[in-house]
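Presented below is the structure to which this report refers.
Note on naming: letters A, B, ... go to the chains in the order of the sequence lines (proteins, then strands), and numbering restarts at 1 for each one.
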Amino acid sequence: MSDTPHTENTSSAAAANEKQLNFLEEIIEQGLNDGTYQSILTRFPPEPNGYLHSGHAKSICINFGLAKKYGGKTNLRFDDTNPVKEDTEYVESIQDDIRWMGFQWAGIHYASDYFDQLYEWAVVLIKKGLAYVDDQSLEEIRTNRGTVTVPGKNSPYRDRSVEENLDLFARMKAGEFEDGSRVLRAKIDMAHPNMMFRDPIMYRILHAEHHRTGNKWCIYPMYDYAHGQSDSIENITHSICTLEFDIHRPLYDWFIEQLDIYPSHQYEFARLNINYTVMSKRKLLQLVKEHYVSGWDDPRMPTLCGFRRRGYTPESIRAFCERIGVAKRDNIIDYSLLEFSLREHLNKVAQRRMVVLDPVKVVIDNYPEGKTEMLTAVNNPENADDGTREVPFGRELFIERDDFMEVAPKKYFRMAIGQEVRLRYAYFVTAQSVEKDADGNITCIHCTYDPATRGGDAPDGRKVKGTIHWVSAQHAIEAEVRMFDRLFATEAPDDAPEGKTFLDNLNPNSLQVLQHCKLEPALASASMYTNPETGITEPERFQFERLGYFCVDRDSTEGHLVFNRSCTLKDSWAKISK
RNA sequence: UGUCCAUUGGUGUAAUGGUAGCACAUCUGACUCUGGAUCAGCCAGUCGAGGUUCGAGUCCUCGAUGGACAACCA
């Protein structure tokens, strides 16, 4: 984080932005202004049952971002009330991902830390006649709940005495009953139009080992009974969640009110959706389990670890989250906005290198045999501080197969017979002839160069329309390059026709592996590195000129470099040519 | 068929009763040793009908459309 001094520009920009608050910022500012609270405390409450994805990134940016903006704090709280689904593995990865995103939590908590308190409060509610032990079976509870249009029926156990409820609940906790035989329910209204109020279940019996509390408990609180109280215990001022919890809010408030504890408040925003991707944990898990992708961190996955391996930067994801805004209406964000945010950042920070993905050999017939010269290339035209490097040049080179056509069509500025082009940072060359194999494929392009154009400029001032990249054949190093494209071929992968699933919408060409790509020697040292600020290992990122942004993959070994394509460059030729 | 939430260009998001703005995408053009970047510009919007008001995207009523809710998941 840079502490650039505030200039008049930034402060007036801030003033201009002041009016454009999202609805959460308005709520916070109002509360701050009217003294409801002196500072804010938010929380990010993942369940440790999977890896974080781009939807979580939005939530992280909102929760941590808001606290940061208003000088407050954010707790990380694992919502670990369901031991059968949760695991320490996820606890670790979630912390890594948050750190990678560049945020730091004030306190780290677990809903399971509050199990004792939650139990005591349940007893309080029983004593107040607001909770009861229900012996109905799962099926009975389900049918007696009614439907959204039909009121439910009271449980026959609903009017048990406080003493009996206390006794039964204690025995539930003591492990006297089997899983599923009894539950503790809040006693509210079985005919309530909001289904959440039809005597919601507070505790179920689960003889399962918990990743933190071990075998201490065999009853576990449900989300609705645990979440609000956990917020209250921590004095969370703003409990920010997604829209589907909107209908839970009255219940959230009800428990807090009945218990007469710190009144945390819940606010809901619309979850993030991005076209061409799926976001549900279930589907992401299926992609991994059934090997449609290589793992949670497959570079095509919308998980944070997937983005990281793909070469995304936290800055780009934060910028993306800033741009998508925060509101309450359902939305589907264009994938291109994500890519725009990535390019925007990488353009500023990624050093340029020359790499030929699909090589074809070029021989400069009038260049001295055996000669090598070093030419100076700019590392990053966007940042002079990145300096320059020396790139070896020789008689034999590789260029991109795409960059040559025997006969140039209109508006094709690259190499063609008789058409002079610039080899970037090197010389002007003109193709003279080609060699072909038996199938008619070009195996070698012969050209001539103009020695006076060394460095890429003609002393006589003549111009060329095209500049192409190249790698010296003698000095090239080889690497594998994984060309990724979007994982799904359709905009809304979840919309599958009858008899099909989202899997039928997978893009069969989402990964193309290229071997023996030719890289300039400077790339030999490309590697993974540990970010000193976060302690997270990240891949070194580059722009391969005219091709796109690429990063080192963690599969790279001593003698075998592997790169991932993060995204392409905008390609206006691609549009012209079609 | 119940309750709740939402509805502004292709996609997002502002405008807090007073000139409908910004970003992405698209398309044009300029510039360029990356057909990149940058710069300039074009196109394009208040779901509908009533009402309140000097004035409505904004407030009210009715309707339409989309979403959420009927796990001992979160």
Side-chain angles (χ1 to χ4, degrees), chain A residues 17 19-22 26 45-47 49 79-82 84-86 111 134 137-138 141-143 145-152 179-185 192-198 201-206 219-220 222-224 226-227 241-250 268 270 275 281 320 322-341 343-344 347-348 352 354 377-378 381-382 411-414 422-426 428 455-457 463-469 543-548 568-577:
Chain A
N17 282 336
K19 278 225 116 103
Q20 305 200 350
L21 302 176
N22 67 48
E26 284 182 12
E47 183 187 14
N49 71 342
D79 229 337
D80 56 352
T81 56
N82 186 3
V84 304
K85 286 189 174 175
E86 295 148 9
D134 192 349
S137 69
L138 196 159
I141 288 178
R142 195 170 288 169
T143 52
R145 184 151 33 217
T147 71
V148 289
T149 51
V150 179
D179 287 6
S181 60
R182 284 181 169 82
V183 292
L184 183 72
R185 290 233 249 173
H192 200 104
N194 181 344
M195 299 288 293
M196 293 296 150
F197 274 97
R198 320 251 262 229
I201 292 168
M202 295 164 59
Y203 272 94
R204 76 284 217 188
I205 301 173
L206 237 38
I219 57 171
Y220 291 93
M222 299 287 290
Y223 169 84
D224 284 303
H227 200 94
C241 59
T242 47
L243 243 34
E244 69 267 28
F245 292 97
D246 168 292
I247 201 162
H248 295 246
R249 182 171 10 93
E268 311 85 20
N275 57 13
K281 275 189 191 175
F320 171 72
E322 189 64 37
R323 258 186 273 261
I324 60 178
V326 182
K328 297 190 75 145
R329 79 183 79 130
D330 294 326
N331 61 82
I332 302 173
I333 307 290
D334 272 345
Y335 193 88
S336 59
L337 188 61
L338 222 203
E339 291 199 320
F340 169 81
S341 301
R343 290 192 188 105
E344 177 189 51
N347 176 48
K348 295 276 191 303
R352 319 284 130 125
M354 289 200 285
V378 173
E382 303 291 322
K411 293 211 174 173
Y412 183 85
F413 305 142
R414 284 115 97 146
R422 173 189 295 112
L423 293 176
R424 181 138 228 229
Y425 299 122
F428 286 10
D457 285 302
K463 301 285 182 193
V464 289
K465 293 283 275 188
T467 299
I468 63 175
H469 60 278
Q543 183 196 105
F544 292 175
E545 294 219 24
R546 303 209 304 131
L547 297 172
T568 60
L569 250 25
K570 282 170 79 174
D571 186 352
S572 44
W573 166 246
K575 282 170 197 160
I576 297 167
S577 61

Considering just the side-chain nitrogens and oxygens of [X], establish if one lies under 4.0 Å of OP1 or OP2 belonging to [N].
| X | N | result |
| --- | --- | --- |
| T81(A) | A74(B) | yes |
| R323(A) | C22(B) | no |
| R414(A) | U34(B) | no |
| R329(A) | U13(B) | yes |
| S572(A) | G36(B) | yes |
| R249(A) | C4(B) | no |

If I take atom [atom1] from residue [X] and atom [atom2] from residue [Y], how far apart are they, to the nearest 0.5 angstrom?
| X | Y | atom1 | atom2 | answer |
| --- | --- | --- | --- | --- |
| L547(A) | D571(A) | CG | CG | 9.5 Å |
| M195(A) | T147(A) | CE | OG1 | 6.5 Å |
| R145(A) | I141(A) | CZ | CD1 | 7.0 Å |
| K570(A) | K575(A) | NZ | NZ | 6.0 Å |

Exercise for the section: Go through C73(B), U3(B), A70(B) for me and flag the one nearest to the T147(A) side chain. Expected result: A70(B)
Nearest-angstrom distance, [atom1] atom, [N] to [M]:
| N | M | atom1 | result |
| --- | --- | --- | --- |
| A20(B) | U58(B) | P | 14 Å |
| C42(B) | C27(B) | C1' | 7 Å |
| A71(B) | U65(B) | P | 26 Å |

Handout entry: Exceeds 12 heavy-atom contacts within 6.0 angstrom, atom CD1 of I332(A)
Key =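 No.
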Under 4.0 angstrom, heavy atoms only, what part of the nucleic acid is [X] near: base, sugar-phosphate, or nothing?
| X | value |
| --- | --- |
| E47(A) | sugar-phosphate |
| Q543(A) | base |
| T568(A) | nothing |
| P381(A) | base |
| V326(A) | sugar-phosphate |
| D224(A) | nothing |

Practice task
Please confirm whether any donor atom in the side chain of R352(A) sits under 3.5 Å from an acceptor in the base of U34(B), or the reverse.
Solution key: yes
Practice task
Test R204(A) against every option in I219(A), V183(A), D179(A) by the side-chain contact (heavy atoms from CB on, under 4.5 Å) rule and name the one that passes.
Solution key: V183(A)
Practice task
For nucleotides 26-32 of chain B, just jot down a letter per nucleotide in 5' to 3' order: B, S or -, based on protein non-hydrogen atoms under 4.0 Å.
Solution key: SS-----
Practice task
Would you please determine if the base of A74(B) is stacked by Y223(A), with stacking meaning a centroid separation under 5.5 angstrom and planes under 30 degrees?
Solution key: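 No, the aromatic ring of Y223(A) does not stack with the base.
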Problem - Between C1' of G21(B) and CD of Q20(A), the distance in whole Å - result: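 In whole Å, G21(B) C1' and Q20(A) CD are 8 Å from each other.
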Problem - Charged N-O contact under 4.0 Å between R249(A) and E268(A) - result: yes
Exercise for the section: Just jot down the ring-ring contact (aromatic ring centres under 6.0 Å, His included) partners of F245(A), sequence neighbours excluded, or say none. Expected result: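 In terms of ring-ring contact (aromatic ring centres under 6.0 Å, His included), with neighbours along the sequence ignored, F245(A) is linked to Y223(A), H248(A).
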Handout entry: Identified stems (criterion: three or more consecutive Watson-Crick or G-U pairs, under 3.5 Å), RNA chain B
Key =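 So far as stems of 3 or more pairs are concerned, RNA chain B shows B:2-7 with B:64-69, B:10-13 with B:21-24, B:27-30 with B:38-41, B:47-51 with B:59-63.
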